[in-house]
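Reviewing the structure listed below.
Fair warning: this is a prediction, and the values are worked out from it, not measured in the lab. So you know, we letter chains A, B, ... as the sequences are listed, proteins then strands, and number each from 1.
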Amino acid sequence: MCPLEVLFLKENRSRQGLLLGLAFVVVIAGAFVAWELVLKEDIGEQAVEASFHGFVLEPPQTAPSFELVDQRREPFRLEEHEGDLIVMFFGYTNCPDICPATLVYYTQVKRELGPLADRVRFVFISVDPEYDTPEHLDRFVSRFDPSFYGLSGTAEETAYVTDLYGVYVEKVEDETAPAGYWVNHGTLSYVVDTEGTLRLAHPFGIEPQDIAADLRQLL
Amino acid sequence: MNRHIGRPLSALLLIWLFGAISVFLLHPTVHIEAADGKSTPVFENVWARAAGAGHMSAVYMDIKNSRTTGLSIVAARSDVAERVEVHETTMELTVQDGKVSQVMRMEEIDALHVDPGSVVQLQPGGLHIMLIGLTRDIEEGDRFTLELELGSGERFKLDVPVKIGLGDDDHDHHDH
């Protein structure tokens with residue numbers, strides 16, 4: 001028998017029951033507090049409006065306009081897509097983990113939306129102007145869905161857009177990386193509604209079903 | 001005298017229980033029963049993401065170590081990639097002054113440790129075995145061999161299936 005049990009046996013029985021009951025209550029309360037303080041905050045529950053899974057951007061503001069080129073070398077101007085819902089993600093084609101995972105999520109979002117997806121533009125914006133040519137973006141993006149846009153620009157144009165949207169970009173030299181560096185970057189997906197207003201930000205890890213539910217509300 | 005022994009002990013027990021539950025809730029490592037010093041590590045839910053030649057991919061899995069000693073993966077190789085490395089993606093979400101941001105950072109890891117009696121999960125947005133510079137397209141349904149080398153010198157060959165990456169339970173989507 002373990003020493004703990006021996007000690008408890010020496011105690012008055014009702015007292016022991018009371019203590020165990022108390023222990024149970026405290027543990028449950030502790031778990032609840034841990035959930036409230038740590039886990040909920042981790043998934044951004046505090047800033048989420050009840051009806052949306054993503055972060056609601058307040059106050060709603062017109063999505064900053066920009067022009068880049070798509071994978072077919074056609075110009076892409078944000079305001080020309082008014083009337084459509086736009087989902088934007090910033091990444092790069094040598095990104096091994098988060099970027100392809102996000103585009104795979106988008107394919108599932110698109111499937112969840114069914115015919116409604118015709119009114120949604122999924123846009124992947126490169127944060128790696130050195131390497132990501134329209135050709136590279138074409139090969140990368142079309143693997144997931146040929147209807148997805150892969151946008152790129154010069155270093156200046158790219159920096160202009162990432163600054164506009166407050167997207168963190170940090171180049172990290174590493175000789176083992178395919179282009180000699182990795183890019184640490186912001187991973188929020190931004191949703192621009194059909195009137196050109198920047199409405200939501202979805203962090204990486206939100207389920208495609210939940211993103212689709214949010215988009216459906218905006219269509 | 002006896003009545004006083006229980007109190008600090010009960011308090012300790014409470015702290016321990018709370019600690020154990022917190023650790024269980026917050027820590028991604030799952031503890032399993034330690035068996036012996038010889039048992040083979042188990043590699044489960046292994047898959048790699050489909051990608052084109054020249055591009056990047058990643059291999060994900062659960063590594064279960066039932067040994068009484070820790071194990072570490074110090075090298076990996078495969079003929080589908082020019083280089084294979086263990087990397088960790090960390091995600092940081094901040095909500096401050098009404099502003100939200102989430103940043104992904106990635107770094108190479110010299111050795112991936114799995115404690116005795118533990119499972120470490122490699123998954124998108126976390127630990128992954130990175131395939132740098134694919135030597136050929138790897139498409140859903142393909143399989144390739146990945147060799148893992150432990151610090152002990154042992155080598156394990158894994159048969160890796162290629163998937164699109166929606167997870168095991170999403171296989172009803174093949175409608176194309």
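- For chain B, the nearby parts of R139(A) are the backbone and the side chain; heavy atoms of each come within less than 4.5 Å.
- Taking the six-membered ring where tryptophan is involved, the planes of W182(A) and H87(B) are perpendicular, since the angle between them exceeds 60° and thus also 30°.
- Under the side-chain hydrogen bond (donor to acceptor under 3.5 Å, both in side chains) criterion, D138(A) pairs with no residue, sequence neighbours left out.
- Residue V172(A) does not touch chain B at all, counting heavy-atom pairs closer than 4.5 Å.
- With no hydrogens or angles considered, no side-chain donor-acceptor pair links Y106(A) and Q108(A) at under 3.5 Å.
- With chain B as partner, the option from L57(A), V169(A), T93(A), V104(A) having the largest number of non-hydrogen pairs under 4.5 angstrom is V104(A).
- For the set A50(B), A51(B), G126(B), the count of heavy-atom pairs under 4.5 angstrom toward chain A peaks at A51(B).
- The pair K163(B)-E140(B) fails the salt-bridge criterion, with no side-chain N (NZ, NE, NH1 or NH2) lying under 4.0 Å from an Asp/Glu carboxylate O.
- Residue contact with chain A, scored on non-hydrogen atoms closer than 4.5 Å, involves the side chain of M130(B) exclusively.
- Residues D128(A) and Y181(A) bring a donor and an acceptor atom of their side chains to less than 3.5 Å of each other.
- Within residues 76-86 of chain B, the residues having any heavy atom closer than 4.5 Å to a heavy atom of chain A are R83(B), E85(B), listed by residue number.
- For L188(A), the parts lying near chain B are the backbone and the side chain together; criterion is any non-hydrogen pair under 4.5 Å.
- Here ring-ring contact (aromatic ring centres under 6.0 Å, His included) pairs that include residues 115-149 of chain B, with residues two or more places apart or in two chains, number zero.
- By the 4.0 Å N-to-carboxylate-O rule, E88(B) lies too far from R105(B) to be salt-bridged with it.
- Using a distance-only test at 3.5 Å, with no hydrogens or angles considered, a donor-acceptor pair links the side chain of Y165(A) to the main chain of P64(A).
- For M104(B), the parts lying near chain A are the backbone and the side chain together; criterion is any non-hydrogen pair under 4.5 Å.
- Between F124(A) and F140(A), the ring planes are tilted. Angles from 30° to 60° get that label.
- Looking at F204(A), the atoms closer than 4.5 Å to chain B (heavy atoms on both sides) sit in the backbone and in the side chain alike.
- Under the rule for a side-chain hydrogen bond (donor to acceptor under 3.5 Å, both in side chains), S152(A) has no partner lying at least two apart in sequence or in another chain.
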